Amino acid sequence: MQTWSLVSISVLLGVVVRWGVSLKSYSGAGKPPMFGDYEAQRHWQEVTYNLPLQEWYFNTTDNDLNYWGLDYPPLTAYHSLICALIAKIINPEWVELHKSRGYESPGHKLFMRATVLVADLLIYIPAVVLYCFCLSDGSSKKKVCTLLCFLLYPGLILIDYGHFQYNVVSLGFALWGILALGLGWDALGSMAFSLALNYKQMELYHALPFFCYLLGKCVKLGLMGRGLFLLVRIAATVLVTFALCWLPFLSDPSQALQVVKRIFPVARGLFEDKVANTWCSLNILIKIRSILSSDSQLYLSFACTLLAVLPSCIRLLTKPTLWQFKLSLANSSLAFFLFSYQVHEKSILLVSLPVCLLLNDLPLMAIWFLQASTFSMLPLFLKDGLLVPYVVTSLAFLFFSTYLLSALEHSSEEELRLGAYHKLLFCLPKMDLACIVRWKFYISIAAMACLSVVSAALVPPPHLPDLFPVLVSTFGFSHFFGTFLYFNVVQFSGPPSRKSQKKNN
């Protein structure tokens, strides 16, 4: 009973923090003519409610695709329609065709914030609770601590409850898929992840690990026996789930093709804004977009992404265990974020989910990455007027996670899984790698704090207007690339020893 009381308190604290952030500003508040993501979500409700389904993804007189046209899979559109039906009952002006464009009011803001919280409470938070208690090692107390840190991750809170999006839906479905696979419910896990893919196409970041884990499990069971039966059942589940989600668009091939074109907009270019990935960071030295054609950029990013993700996925295919699956999810999503085409700064949330799964196993490295991922979105938070929530949530997460998970105390070479580095660096004199990692962590946190203060307080030189966003993105890229290398080394090092798990517990 005491454990579930602590769980309730943790969830309540997570909800309070979320609602506190939601009281602040949002993307594009009072900034016509395009406003921001808040208006995009409201506009999709307007479109899905007032227009026939056949026009949702097409450019018509009533649906200008240049003004926040729908560019997510069908499940997002259905969710927008459900929200619109409720909005129509409360206040028809919120979804009135054309006239509601750019609508802003305290009542509407409350409604929109509530829709995110409801989705969070129904999909994401229950999955987090069950994951921490069903698939995390350790005592009940440690599971509660992991749960609280998971729920307090500031990046997701600031984007969904500050900037305004519904990432909790797609990430929640993906987490349900991970949970189901971890418990051996492979068909249910496949269905949950299919729903995630049909809500946001960026869930492709996690698709290869899901595929390799399930295929590896089928091969292990034997493709001439139980493995074949499992493979057929999983394939049927995925096909039926996709068919049901796309059913209204399948009667006309042009409809389905238009949806595909909208959700994969290759014409937008290699990257937008100052995102902390390889191409944006490399662009400081080499203007790739000027040198290469659009097609060449697309092929280059595809090749680099494939090469980056292959080692992790092949390892998972040959060793389909939960430990390998979690690490492969982190490595695959990092590879996509660092090298794929048309990456947004908010896509780092797709990496943060699998890293949150490692809070219990590699607390210091997970906390470090999650802190850096939030910091990498600082320019966006400053643009949206979310400086205070950013500072408060980041400091709260850093304090609670390092204290509750004893991250700094449990940072020996064995617990950080640094043994493989001695073999890789055999030509160098023996060093205390754990001490070096801890000092790098301290310096990194201090540098993030300094850059945050400078970005918020100082005006960049007139001839370098993007100086601070570039510094933030480059700093973030160095962390993400280093984490990518680290997790790959860990994945090929073998499972965690029971001795280190006992120490953590």
Side-chain angles (χ1 to χ4, degrees), residues 14-49 67-72 75-84 86-87 90-91 94-95 100-125 151 153-172 199-200 202 272-273 275 344-350 352-353 373-374 376-390 392-394:
V15 170
V16 168
V17 172
R18 283 159 164 73
W19 197 250
V21 171
S22 74
L23 299 176
K24 300 296 287 184
S25 183
Y26 50 82
S27 170
K31 296 177 182 177
M34 292 301 291
F35 300 94
D37 275 356
Y38 176 94
E39 167 62 10
Q41 300 290 344
R42 188 217 59 78
H43 180 64
W44 295 346
Q45 294 174 19
E46 171 196 346
V47 167
T48 52
Y49 181 81
Y67 184 82
W68 300 117
L70 257 171
D71 53 4
Y72 284 115
L75 215 56
T76 291
Y78 305 149
H79 179 214
S80 296
L81 177 59
I82 292 170
C83 293
I86 299 170
I90 300 172
N91 188 342
W94 294 348
V95 289
S100 62
R101 181 172 291 193
Y103 190 96
E104 294 178 295
S105 73
H108 185 254
K109 178 186 175 184
L110 178 64
F111 167 75
M112 294 291 278
R113 297 299 200 193
T115 59
V116 179
L117 183 60
V118 169
D120 207 349
L121 289 169
L122 290 178
I123 300 172
Y124 184 75
I125 291 178
L151 292 177
Y153 167 56
L156 181 60
I157 296 173
L158 289 166
I159 290 298
D160 277 18
Y161 289 87
H163 177 81
F164 197 87
Q165 283 191 339
Y166 292 98
N167 292 290
V168 290
V169 178
S170 56
L171 294 178
Y199 192 87
K200 279 199 174 182
M202 283 82 80
E272 291 181 8
D273 297 325
V275 59
H344 293 268
E345 65 269 66
K346 298 182 288 292
S347 299
I348 197 62
L349 297 179
L350 292 154
S352 299
L353 175 67
S373 69
T374 304
S376 72
M377 297 183 282
L378 175 62
L380 183 66
F381 300 143
L382 292 176
K383 183 180 176 182
D384 292 340
L386 297 171
L387 176 62
V388 173
Y390 161 75
V392 173
T393 55
S394 296

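Everything numeric here is computed off the predicted structure, so don't read it as measured data. All heavy atoms count here, side chains included; hydrogens, waters and symmetry mates do not.
Side-chain contact annotation: Tyr166 with Thr115, donor-acceptor N/O pair under 3.5 Å present. For the residue pair His79 / Tyr199, a side-chain donor-acceptor distance below 3.5 Å is found, with atom types taken as modelled. Between the side chains of Asn91 and His108, not a single donor N or O lies within less than 3.5 Å of an accepting N or O.
Residue Pro389 comes nearest to Lys24 through the heavy atom pair CG-CG, 3.5 Å, listed as atom of the first residue, atom of the second, then distance. The shortest non-hydrogen separation linking Ser27 to Asp384 is CA-OD1, 3.5 Å. Here the closest heavy-atom approach between residue Thr48 and residue Ala77 is recorded as CG2-O, 3.6 Å.
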Hey, mind stepping through Phe164 and Tyr26 against ring pair (Phe, Tyr, Trp, His ring centres under 6.0 Å) and telling me if it holds? CA-CA 6 Å; Phe164 197 87; Tyr26 50 82; 7.5 Å; no
side-chain contact (heavy atoms from CB on, under 4.5 Å) between Asp160 and Arg18, intermediate numbers included: CA-CA 9 Å; Asp160 277 18; Arg18 283 159 164 73; over 6 Å; no
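For the pair Arg113 (side chain) and Lys109 (backbone), a donor-acceptor distance under 3.5 Å is absent. A donor-acceptor contact shorter than 3.5 Å is absent between the side chain of Glu345 and the backbone of Met377.
Put simply, CG on Asp71 and NZ on Lys200 are 9.5 Å apart, with the number rounded to the nearest 0.5 Å. With rounding to the nearest 0.5 angstrom, the OH atom of Tyr161 is 11.0 Å from the CG atom of Asn167. The CD atom of Glu104 sits 10.5 Å away from the CE atom of Met112 when rounded to the nearest 0.5 Å. Within the model, atoms OG of Ser25 and OH of Tyr38 stand 10.5 Å from one another, a figure rounded to the nearest 0.5 Å. Rounding to the nearest 0.5 Å gives a distance of 11.5 Å between CD1 of Ile159 and CD1 of Ile348.
Residues Leu380 and Lys346 form a side-chain contact, since some pair of their non-hydrogen atoms from C-beta on lies under 4.5 Å apart. Contact check for Tyr153 versus Thr374: side-chain heavy atoms found under the 4.5 Å cut-off. At least one side-chain heavy atom of Leu171 sits under 4.5 Å from a side-chain heavy atom of Leu156.
Centroid-to-centroid, the aromatic rings of Tyr72 and Trp44 come within less than 6.0 Å.
In this structure, Arg101 is positioned above the aromatic face of Tyr67, its NZ or CZ under 6.0 Å from the six-membered ring centre and within 45° of the axis.
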